[in-house]
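What follows is a single structure, written as structure tokens, with notes after it.
This chain uses plain numbering: 1 for the first residue, then up along the sequence.
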Amino acid sequence: MTWLSNSITGLGLLFLAHACYSAHEHSALHSISTSSLSSIAHGPSAIATLPIDISIETIVAILVICFGLVLGAPELRPIQWRVWAGKIEREGEAGFMNGDGGVDKDYVGNPFKVLESRPGFVDIRKQRKEFAEWVRAGDGTLDSRKS
């Protein structure tokens with residue numbers, strides 16, 4: 001996470017801690033006042049509700065924390081395996097750079113490298129490229145085979 005997202009998340013945590021402290025103080029003061037009133041009058045005690053400013057501060061703090069965490073989250077990866085593997089083949093390490101300029105720790109390279117290194121594996125792309133180069137070169141070995 002960058003310093004901006006860390007500071008926003010920290011600010012949100014500070015707001016949340018203040019809201020929790022305010023809620024605790026309000027409930028503690030309310031319980032003291034109701035206990036002194038209940039000793040005077042034996043009627044039913046009122047149920048304490050939080051003031052609206054504490055509720056709003058709690059909601060704002062949670063939203064600020066969520067914003068800070070989302071701001072610092074890395075780029076999402078494709079869900080489908082074939083899309084992810086295609087991105088690795090096309091972009092390589094450049095497609096998996098993090099915000100600091102380094103390669104992500106979960107980058108493992110081409111996931112099909114093990115399959116492509118098998119002795120019996122036929123690499124169609126490589127053969128197509130070799131064939132296209134052969135045709136461009138104008139090598140006449142194909143004509144000599146027909147004769």
Side-chain angles (χ1 to χ4, degrees), residues 1-139 142:
M1 292 195 328
T2 64
W3 66 271
L4 180 64
S5 64
N6 281 338
S7 60
I8 290 174
T9 305
L11 184 67
L13 288 172
L14 185 68
F15 286 160
L16 187 61
H18 183 265
C20 291
Y21 178 75
S22 299
H24 174 71
E25 284 295 312
H26 175 75
S27 65
L29 289 175
H30 184 72
S31 66
I32 291 171
S33 66
T34 55
S35 66
S36 65
L37 288 177
S38 65
S39 65
I40 297 171
H42 296 292
S45 64
I47 299 175
T49 59
L50 284 177
I52 192 72
D53 62 333
I54 296 175
S55 301
I56 290 174
E57 184 181 9
T58 305
I59 291 171
V60 167
I62 290 173
L63 291 175
V64 168
I65 290 170
C66 289
F67 178 70
L69 291 175
V70 167
L71 189 65
E75 182 180 340
L76 297 176
R77 303 276 192 253
I79 294 176
Q80 297 175 337
W81 176 263
R82 63 181 178 83
V83 175
W84 182 70
K87 181 178 177 183
I88 289 175
E89 282 188 10
R90 282 190 311 276
E91 299 175 14
E93 287 184 1
F96 293 90
M97 295 288 189
N98 56 17
D100 300 333
V103 179
D104 285 340
K105 63 181 177 184
D106 60 342
Y107 176 73
V108 293
N110 187 355
F112 301 121
K113 198 65 156 175
V114 174
L115 296 175
E116 292 173 356
S117 64
R118 293 181 308 185
F121 182 75
V122 177
D123 190 1
I124 301 298
R125 291 180 183 164
K126 182 179 176 186
Q127 288 181 354
R128 183 184 310 150
K129 184 178 176 182
E130 289 173 354
F131 179 75
E133 289 173 1
W134 176 77
V135 169
R136 278 190 220 113
D139 196 359
L142 184 62

**Message:** Can you list everything that forms a side-chain contact (heavy atoms from CB on, under 4.5 Å) with Ile124? Sequence neighbours excluded, please.
**Reply:** Val122, Gln127, Arg128

**Item:** Partner residues of Ser7 under the side-chain contact (heavy atoms from CB on, under 4.5 Å) criterion, sequence neighbours left out
**Value:** Trp3, Leu4

**Prompt:** Looking only at heavy atoms, which two atoms of His26 and Thr49 are closest? And how far apart?
**Reply:** NE2-O, 3.1 Å

**Request:** Under the side chain to side chain contact (heavy atoms under 4.5 Å, CB included) rule, what do Glu133 and Lys129 come out as? Steps first, then yes or no, please.
**Result:** CA-CA 6 Å; Glu133 289 173 1; Lys129 184 178 176 182; 3.5 Å; yes

Listing, residues 18-25 side-chain donor-acceptor contacts under 3.5 Å, not counting sequence neighbours, or none:
{"from": "His18", "atom 1": "ND1", "to": "Glu57", "atom 2": "OE1", "distance (Å)": "3.2"}
{"from": "His18", "atom 1": "ND1", "to": "Glu57", "atom 2": "OE2", "distance (Å)": "2.7"}
{"from": "Ser22", "atom 1": "OG", "to": "His18", "atom 2": "O", "distance (Å)": "2.9"}

**Message:** With rounding to the nearest 0.5 angstrom, report the CD1 to CD1 distance, Ile8 to Ile65.
**Reply:** 12.0 Å

**Request:** Search all heavy atoms of Gly12 against all heavy atoms of Ala61 and return the closest pair with its distance.
**Result:** O-CB, 3.6 Å

**Complete:** dist Ile59:CD1 -> Ile52:CD1 (nearest 0.5 Å) comes out at 7.5 Å

**Message:** Just to verify, what does Val83 make a side-chain contact (heavy atoms from CB on, under 4.5 Å) with, not counting sequence neighbours?
**Reply:** Pro78, Gln80

**Item:** Qualifying residues under side-chain contact (heavy atoms from CB on, under 4.5 Å), relative to Ile62, sequence neighbours excluded
**Value:** Leu16, Thr58, Cys66

